[in-house]
There are 2 protein chains.
Amino acid sequence: MSTAARRERERQRRRQEILEAARGLFCDKGYASTTVDDIAAAAELSKGTVYLYFRSKDELYASVVLEGFKKLEVRLRELADSDMPVQGKVDAILGAFVDHCVSNPDYFRLTQLFAGGSVRDNLPKEVRDDIEAHARDLLLLGAGVVERGIEEGVFRRDLDPFMASLIAWRTLTGLLDLVIFGGQLVRRKDTQRLMRQAMDLFMRGAMNRGVPRGEREALSRERGKSPKAGD
Amino acid sequence: MSTAARRERERQRRRQEILEAARGLFCDKGYASTTVDDIAAAAELSKGTVYLYFRSKDELYASVVLEGFKKLEVRLRELADSDMPVQGKVDAILGAFVDHCVSNPDYFRLTQLFAGGSVRDNLPKEVRDDIEAHARDLLLLGAGVVERGIEEGVFRRDLDPFMASLIAWRTLTGLLDLVIFGGQLVRRKDTQRLMRQAMDLFMRGAMNRGVPRGEREALSRERGKSPKAGD
DNA sequence: TCATAAGATGACTTTGAGTTATTTTCCGAA
DNA sequence: TTCGGAAAATAACTCAAAGTCATCTTATGA
């Protein structure tokens, strides 16, 4: 009797449908201007039903953010697991991250709103922990690469890999936020240059001065190669 | 007949009283959980009166943020105008910024909420521009110092001063946000080390390698000096 | 065919932002 | 001193939207 299993599958699918509808509306109209009734209508359900699947608007929203996190994680893990030389790998990962954010600006907006926000507080602990766990995963991924770089002598020994990862992450999100939210502080067309400069600053700050231990090929090979980051 | 002038003064004072009440409550209970009725009660006024002085809760909130911006600006400008050697000056400014945020965490919270948020959108253009102008001032202040550093040969020539300023700013706020909002990603006691590492990374990334042009005294003099940044 | 439980509904409650008709306070002139 | 009117303040109101719940519908297994 696999009825129960099918039931569960259908339940998950419905949940997913609501999530999709919510994502679309959130991206389209922003968090505040999207009502739960809107979402229900978009998913062709009544409001009450939405609340059968998500405990609150905030939880629904958090789930949307989480969804995107997971996609990004897949993309970055691929790069991290590839066998490029360390320095190129760092470039590639940072570049991919920037690219991801720039090509999904609405989505990025949502994530940032979550990160800096009132939403986080009124969230079931379980959901918040879930998100935090995924953030940690991404950071550990970065930390791993940095650690590898230290072992190979590319990066300074006194760098804390996890902290370095944190710093890079927050720097990029901070800047992207600025660009994408589009205050008049940065012109859109300077995006490329700004992000490049930030990544460059990070690399120079993190790298060993003398490039010791005969591993300089990685360094010179990648110098000047532009990381992809579609404008 | 100076009645009109006095009227205006009293009006401004009342405005200030409301602002004070709002700041207290916002810091205390956060933006979302503070109602306009709360604010009115705290200022010993009725809600309607609050709306005589501020067009919306958001505008009121933005004004609170702006207020703090101005205070910070005073503090940083003092440092920027002092005659330390450039490198020490940068350390001091960054340190003071960090200090300011760490010692007013609730306040910092508010600022971040504004920066990353839904609030900004529903804001009278005039208010938004005002805030942005002040942000720009702070950035130009930073850019000025960097520019000076470039002239003196301390910083790399290919650094864009304004961008460097942007990068430093966003890096620090991003990290502070993380620490102060207190996810489990960073332990509170690591704050010092994290911020130090971030500033260090920035300095190393921005500095000239060879320290040319006979201005090395500034460099060695300041090396290892811990910037103040009360925990 | 029927009993039951899971799923879905929409009318209802509640909360809080913003409005407005009304009242109070203040001031200058008659 | 009093009166008219303008500025300031009030609180009762509207309105929108989140969240709840009593009720209905549908599927399932006996």
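Reminder, nothing fancy here: chain letters follow the sequence lines and each chain counts from 1. Everything quoted here is computed from the prediction, not taken from an experiment.
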Exercise. Rounded to whole angstroms, how far apart are CG on Leu52(A) and C1' on dA6(C)?
Worked result: 10 Å
Exercise. For Leu45(B), which contact category applies under a 4.0 Å heavy-atom criterion: base, sugar-phosphate, or nothing?
Worked result: sugar-phosphate
For this session: Quickly work out the Leu60(B) CG to dA17(C) C1' distance and round it to whole Å.
Result: 13 Å
Exercise. Where is the tightest heavy-atom contact between Ile39(A) and Phe26(A), given as atom of each residue plus distance?
Worked result: CD1-CZ, 4.1 Å
For this session: Verify the contact: side-chain N or O of Arg55(A) to OP1 or OP2 of dG19(D), cut-off strictly under 4.0 Å; return yes or no.
Result: no
For this session: Using the closest heavy atom to pick a nucleotide of DNA chain D for each, name whichever of Glu44(B) or Arg6(A) lands nearer the 5' end.
Result: Glu44(B)
Exercise. Which part of the nucleic acid does Thr34(A) contact within heavy-atom distance under 4.0 Å: base, sugar-phosphate only, or nothing?
Worked result: sugar-phosphate
Problem set entry | Of Lys47(B) and Arg7(A), the one whose closest DNA chain C nucleotide lies more 5' | Arg7(A)
Exercise. Please give, in whole Å, the distance from dA17(D) P to Tyr31(A) OH?
Worked result: 13 Å
Exercise. Looking for any heavy atom pair under 4.0 Å, which part of the strands does Thr49(A) touch: base, sugar-phosphate only, or nothing?
Worked result: base
Exercise. How many Å lie between NZ on Lys57(A) and C1' on dT20(D), as a whole number?
Worked result: 17 Å
For this session: Give a yes/no answer on whether the side chain of Arg11(B) brings an N or O atom under 4.0 Å of OP1 or OP2 in dA8(D).
Result: yes
Exercise. When all nucleic acid strands are considered with a 4.0 Å heavy-atom cut-off, which category describes Tyr53(A): base, sugar-phosphate, or nothing?
Worked result: sugar-phosphate
For this session: Could you tell me whether Arg11(A) sits above the aromatic face of Tyr53(A), with NZ or CZ closer than 6.0 angstrom to the six-membered ring centre and within 45 degrees of the axis?
Result: yes
For this session: Report yes if at least one side-chain N or O of Ser46(B) is closer than 4.0 Å to OP1 or OP2 of dT10(D); otherwise report no.
Result: yes
Exercise. Please walk me through it: do Asp106(A) and Arg109(A) pass salt bridge (Lys or Arg N to Asp or Glu O under 4.0 Å)?
Worked result: CA-CA 5 Å; Asp106(A) 302 318; Arg109(A) 206 188 190 78; 5.7 Å; no
For this session: Would you kindly compare Gly48(A) and Ser33(A) by the position of their nearest DNA chain D nucleotide and give the one closer to the 5′ end?
Result: Ser33(A)
Seminar exercise, completed: When rounded to whole Å, the CZ to C1' distance for the pair Phe54(B) and dT19(C) reads 18 Å
Exercise. Where do Gln12(B) and Gln16(B) land on the side chain to side chain donor-acceptor pair (under 3.5 Å) test, with the steps shown first?
Worked result: CA-CA 6 Å; Gln12(B) 285 306 320; Gln16(B) 205 58 34; over 6 Å; no
